[in-house]
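This is a predicted model, so every value here is computed, not measured.
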Amino acid sequence: MQNYLEKGYIKRINRDLYGFVSPETEECAVDKFLIASNITDTSFVSHHSALEFYGYYNQVYRYVNVSSLSKFNDFDFEGNHFSLIKVATDNYVDSILGVRVASIERTIVDCIKDSEKYCELEETLASIDMLPYVSSKVLLSYMEELGSKILYKKIGVIMSLFKEKFNIPHSFFEKCHEVSDSVKGYFGKNKEALTYSSEWKMFIPKDLGCLIRKE
């Protein structure tokens, strides 16, 4: 291994993680998504990086969201910053061409759950609008696993914007109300940008639907 490092055949990406070097570019031949999938035994691409992997994100970021059950120190490699998001479960994670990546449904829920933290809501909405299909059953299954009542409200609010596009049944929204109607809250930290929704009994962003394909 040390011999290969010295000859430039491989590069050390992170502790115990190496990648082959392209003789043409002299850069690591392993892309950022495959790297993210191998940082720990449980790491996977998530949040806006998952949307980018699937091709449903309008921008290319050098900031890679990596979810993992175990910890690792954030690090930079060849212009990309790999940042840990500590999670409690790696359910609803798929393996695609060797890349471990959150499913579309998990990605939607995680992005909405962590909006203003790891994801911009406007970009998340634009990405959802590009999706060809979303399973409301998988959304509910993952939400149930997380067990957050306020999250049911947030997902219900967002997915109501796409109920015709994805043929989301009325029963989905009934379930969101059933679980969450006993709680109130805010969808966002900037209270001046929010308005009260009597349907959802929470404060939501003003003109939320206008954020989709915003000019």
Pair K32, E52 - check salt bridge (charged side-chain N to carboxylate O under 4.0 Å, His left out), show working. CA-CA 11 Å; K32 62 185 180 181; E52 183 185 342; 2.8 Å; yes
Between F77 and N14, does a side-chain contact (heavy atoms from CB on, under 4.5 Å) hold up when you go through it step by step? CA-CA 8 Å; F77 180 72; N14 197 26; over 6 Å; no
Would you check, one step at a time, whether the test side-chain contact (heavy atoms from CB on, under 4.5 Å) holds for T107 with V101? CA-CA 9 Å; T107 300; V101 57; 5.6 Å; no
Set out, in order, the CA-CA distance, both residues' side-chain angles and the distance that settles side-chain contact (heavy atoms from CB on, under 4.5 Å) for T89 and R106, then state yes or no. CA-CA 11 Å; T89 176; R106 173 166 184 157; 3.9 Å; yes
Please report the C-alpha distance between F44 and V66 in whole Å, then the side-chain angles of each, then the deciding distance to 0.1 Å, and finally whether the side-chain contact (heavy atoms from CB on, under 4.5 Å) criterion is met. CA-CA 6 Å; F44 58 94; V66 186; over 6 Å; no
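In the hydrophobic clustering of ILVMFWY residues, with side-chain heavy atoms under 4.5 Å counting as a link, I158 and Y133 come out apart. L151 and V87 sit in two unconnected hydrophobic clusters of ILVMFWY residues. Membership requires side-chain heavy atoms under 4.5 Å apart, directly or through other members. Cluster membership for I108 and F172, using ILVMFWY side-chain heavy atoms within less than 4.5 angstrom, is shared. By the rule that hydrophobic residues join a cluster once side-chain heavy atoms approach within less than 4.5 Å of another member, Y152 and F173 end up as members of one cluster.
Note that NZ of K201 is 9.0 Å distant from OG of S182, once rounded to the nearest 0.5 Å. Residue D74 holds its CG atom at 4.0 Å from NE2 of H81, rounded to the nearest 0.5 Å. Between the OG1 atom of T195 and the CE atom of M202 there is a distance of 12.0 Å, given to the nearest 0.5 Å. Taken to the nearest 0.5 Å, the OG atom of S180 stands 7.0 Å off from the CD1 atom of I150. The NZ atom of K154 sits 5.5 Å away from atom OG of S115, with the distance rounded to the nearest 0.5 Å. To the nearest 0.5 Å, the span separating CD1 on I204 from CG on L194 amounts to 8.5 Å.
Ring centers of Y57 and Y61: under 6.0 Å apart, within the cut-off. When ring centroids are compared, Y118 and H48 stay outside the 6.0 Å threshold.
Heavy-atom neighbours of E120 CD from other residues, nucleotides or ligands within 6.0 Å: at or below the threshold of 12. The environment of NZ in K163 is sparse: at most 12 heavy-atom neighbours from other residues, nucleotides or ligands sit within 6.0 Å. Surrounding CD of E145 are more than 12 heavy atoms belonging to other residues, nucleotides or ligands, all under 6.0 Å away. Within a 6.0 Å sphere centred on CG of N190, heavy atoms belonging to other residues, nucleotides or ligands number more than 12.
With hydrogens and angles ignored, the 3.5 Å screen pairs a side-chain donor or acceptor of S127 with a backbone N or O of Y56. For S141 (side chain) and K137 (main-chain N/O), no donor-acceptor pair under 3.5 Å exists by modelled atom type. With hydrogens and angles ignored, the 3.5 Å screen pairs a side-chain donor or acceptor of S135 with a backbone N or O of V138. Put simply, the side chain of K153 never gets that close to the backbone of C176: no donor and acceptor are under 3.5 Å apart. Remark: the backbone N or O of F33 is paired with a side-chain donor or acceptor of D31 at under 3.5 angstrom. Of the possible polar contacts, one joining the S43 side chain to the A36 backbone as a donor-acceptor pair under 3.5 Å is found. In this structure, the side chain of S136 does not engage the main chain of I168 through any donor-acceptor pair within 3.5 Å. Remark: side-chain polar atoms of K71 are not paired, donor with acceptor, to backbone N or O of L84 under 3.5 angstrom.
Under the 4.0 Å criterion applied to side-chain N and carboxylate O atoms, R100 and D90 are assigned as salt-bridge partners. Note on E144 versus K175: no salt bridge recorded, every NZ/NE/NH1/NH2 to OD/OE distance being 4.0 Å or above.
In this structure, a donor-acceptor pair under 3.5 Å is present between the side chains of Y142 and D110.
Each of N38, I35, L17 was evaluated against V30; a single residue qualifies, I35, per the side-chain contact (heavy atoms from CB on, under 4.5 Å) test. When each of D114, N65, T124 is checked for a side-chain hydrogen bond (donor to acceptor under 3.5 Å, both in side chains) with H47, only D114 meets the rule.
The shortest non-hydrogen separation linking L51 to C111 is CD1-SG, 4.0 Å.
For K191 and F203, the positive end is not near the middle of the six-membered ring at less than 6.0 Å and at most 45° from its axis.
Using cut-offs of 30° and 60° for the angle between ring planes, the F166 and F162 rings count as tilted.
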